[in-house]
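Take a look at the structure below.
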Amino acid sequence: MPVLDGSGGGIYQYSATMLDGLLSIVPRPELILFADRRLLPKAEVWRARGYQVAPLWPRTLRSRLRAGVHKAIQFTPIGRTAVRFLRAATGRRTGPAPMGQVAMQPALARWIASFGVDFLVFPAPSLTGAQSGVPYLMAVHDLQHRIHPEFPEVSADGEWESREHLFGNGISHALTVLVDSEVGREDVLDFYGEAIVADSVQILPFLPAVYLEANAAGPPPTPIREIFSLPEHFLFFPAQFWPHKNHVRVVRALARIRAQDNVDVHVVMCGSAADPLRASVLDEIQRTAAEEGVTDLIHLLGYVEDGLMAPLYSASRGVLLPTFFGPTNIPVLEGWTFGVPVLTSDLRGIREQCGDAAILVDPSSVGAIADGIFALWSDEPLRERLIALGSSRLALYGREQYIGRLSSIVADAARRTRGVELPTR
């Protein structure tokens, strides 16, 4: 089940790239896109391109009740308060969730089996495959709840336990786990090596989002600077407002550059603030900018539609991503795709992704971020060198290589599931 909502950030981009890639496998397999019912309208574009589209769950009284309870919990203050109270009352586990504790869903198993499915592919972690008993491939983009549990988005209010249950059980039941890099593979085997054999963890590196390439052919009718009232020169920070993305240190770095170098560096930020945590980060960005006297340098666009992302990249003077999370990141590739230099973090995984084709900084140091931003903004020879190196690095792995790798993974899954009787109970 892919992520079809643009507010899903990188996982949405990954899903779109995989959906597009599966269509390019020769000979093309029969493809069914299972989607949450509320997202079925967004799935229609893929029906037009060759997918059969179906709801993930059959329309039963139980499924309607489940959806109603989920909505009450997720989208009402009373529901969220009740969940927090129960978590506080029961305490927090500090160890891994027991493997194999996934409740089977016979109705789901029968529903998926009715489509003659050989195996499922999940572009994001999910327990749906384990609940159905159908063989499945599952992408694991990072295990940051194990690596950086200090960040609330991967640990607070029961999130750590939820992720541990999801990853531990999702990995242990998977036919194949997909990771973005060798570092990602090492992390899966380090943390969950007892649950899956090494050969079943396969590398499928990221590509720039397919919708960016589709929208790169020409600029919008109205110049992007006019659409958003942007300055002539700016750096682009394309990241959701999670604490680990490090927006606040970037704001402080801009203040340091203004004070020390008497240079104004404008930064454009985009992303959704659709939940309380991201909304709190956005508030902190605005508050810090006011305190530091750089409100005029921060341009907050909110959620940006797909069609406007390509011109934002193209018009920028560089891409910022001083994140604490890896192991690799899509905006780095997107910056290279549009011929702009990149600043990102000097961390394991990202270091291997970028080599010498980006400015790498310590994400915990405002001074290091400031020095890197100043160089990205003002050092023309360095900028030209980074653009050339980024283009060369991008050429090492493109859509053709991605399709080849994906085709090989799918063929391997088909061989391994041949003769497996799917559940019908």
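This structure is a prediction, so every number in the text was calculated from the model and none was measured.
Residues Gln401 and Gly398 share a closest heavy-atom pair of OE1-N, 2.8 Å. The minimum heavy-atom distance linking Phe338 with Ser314 is given by the pair CD2-OG, 3.1 Å. Scanning all heavy atoms of the two residues, the minimum distance from Ile409 to Ile203 falls at CD1-O, 4.2 Å. Shortest non-hydrogen contact noted between Leu347 and Phe325 is CD1-N, 4.5 Å. Arg256 and Ala370 get closest at one heavy-atom pair: CD-CB, 4.0 Å. The shortest heavy-atom contact between Ala174 and Tyr136 is N-OH, 3.4 Å.
Checked for salt-bridge contact, Arg385 and Asp356 miss the test: no charged N lies under 4.0 Å from a carboxylate O. A salt bridge links Asp187 with Arg348: at least one charged nitrogen is closer than 4.0 Å to a carboxylate oxygen. Salt bridge annotation for Glu164-Arg146: present, with a cationic side-chain nitrogen under 4.0 angstrom from a carboxylate oxygen. Using a cutoff of 4.0 Å between basic side-chain nitrogens and carboxylate oxygens, Arg252 and Glu284 are not scored as salt-bridged.
Formation of a donor-acceptor pair under 3.5 Å by the Asn329 side chain with backbone atoms of Val332 is not found in this model. Not one N or O on the side chain of Ser407 forms a donor-acceptor pair closer than 3.5 Å with the backbone of Ile403. Between the side chain of Trp377 and the main chain of Val263, no donor-acceptor pair closer than 3.5 Å is present. A distance-only check finds a donor-acceptor pair linking the side chain of Ser172 to the backbone of Asn169 [under 3.5 Å]. A donor-acceptor pair is defined here as one N or O able to donate and one able to accept, closer than 3.5 Å; no such pair exists between the side chain of Arg399 and the backbone of Leu207. At distances below 3.5 Å, at least one donor-acceptor pair connects side-chain atoms of Arg258 with backbone N or O atoms of Gly293. Between the side chain of Asp36 and the main chain of Arg38, a donor-acceptor pair closer than 3.5 Å is present. Under the 3.5 Å distance criterion, the side-chain polar atoms of Arg351 are matched with a main-chain donor or acceptor of Asp346. Ser15 contributes a side-chain N or O that, together with a main-chain N or O of Ile11, makes up a donor-acceptor pair within less than 3.5 Å. When atom types are taken as modelled, the side chain of Gln144 and the backbone of Gly326 share a donor-acceptor pair closer than 3.5 angstrom.
Using cut-offs of 30° and 60° for the angle between ring planes, the Phe324 and Phe151 rings count as tilted. Between Tyr402 and Tyr397, the ring planes lie perpendicular to each other; the angle is over 60°, past the 30° to 60° tilted range.
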Practice prompt. Run the numbers on Phe167 and His165 for side-chain contact (heavy atoms from CB on, under 4.5 Å), then give the verdict.
Written response: CA-CA 6 Å; Phe167 286 113; His165 181 74; over 6 Å; no
Practice prompt. Output, in order, the C-alpha distance, side-chain angles, deciding distance and verdict of side-chain contact (heavy atoms from CB on, under 4.5 Å) for Trp242 and Thr323.
Written response: CA-CA 10 Å; Trp242 297 115; Thr323 177; over 6 Å; no
Practice prompt. Determine, step by step, whether Val134 and Phe115 satisfy the side-chain contact (heavy atoms from CB on, under 4.5 Å) criterion, reporting the C-alpha distance in whole Å, the side-chain angles of both residues, the deciding distance to 0.1 Å, and the verdict.
Written response: CA-CA 12 Å; Val134 178; Phe115 289 88; over 6 Å; no
Item to complete: Step by step, work out the side-chain contact (heavy atoms from CB on, under 4.5 Å) result for Ser408 and Gln202.
Response: CA-CA 10 Å; Ser408 175; Gln202 300 198 31; 5.6 Å; no
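Looking only at side-chain heavy atoms (C-beta outward), Val265 and Leu297 stay at 4.5 Å or farther from each other. Side-chain contact between His141 and Asp180: absent, with no pair of heavy atoms (C-beta onward) separated by less than 4.5 Å. Two residues are said to be in side-chain contact when any heavy atoms from C-beta on lie closer than 4.5 Å; Pro327 and Glu186 fail this criterion. For the pair Ile147 and Phe191, the minimum side-chain heavy-atom distance is below 4.5 Å. Contact check for Asp371 versus Val361: no side-chain heavy atoms found under the 4.5 Å cut-off. At least one side-chain heavy atom of Trp46 sits less than 4.5 Å from a side-chain heavy atom of Leu23. Within the 4.5 Å cutoff, the side chain of Gln353 has no heavy atoms near those of the Thr344 side chain. Under the 4.5 Å side-chain criterion, counting only non-hydrogen atoms from C-beta, Trp111 is not in contact with Leu56.
Residue Tyr51 holds its OH atom at 4.0 Å from CG of Leu22, rounded to the nearest 0.5 Å. To the nearest 0.5 Å, atoms OG1 (Thr17) and CD1 (Ile330) are separated by 6.5 Å. Note: Ile359 CD1 to Ser345 OG = 12.5 Å, rounded to the nearest 0.5 Å. Here the CZ-CE distance, from Phe234 to Met269, works out to 13.0 Å after rounding to the nearest 0.5 Å. Note that the CD atom of Glu334 and the CZ atom of Phe236 stand 8.5 Å from one another [nearest 0.5 Å]. Remark: His173 NE2 to Ser132 OG distance equals 10.5 Å, nearest 0.5 Å.
Checked against Phe374 for a side chain to side chain contact (heavy atoms under 4.5 Å, CB included), the options Ile257, Leu254, Ile369 give a single hit: Ile257.
In this structure, His299 has its ring center no closer than 6.0 Å to that of Phe228.
Side-chain contact annotation: Glu153 with His244, donor-acceptor N/O pair under 3.5 Å present.
Counting non-hydrogen atoms of neighbouring residues, nucleotides and ligands closer than 6.0 angstrom, the CD atom of Glu400 reaches no more than 12 such neighbours.
For residues 228-246, no residue pair satisfies the salt bridge (Lys or Arg N to Asp or Glu O under 4.0 Å) rule, not counting sequence neighbours.
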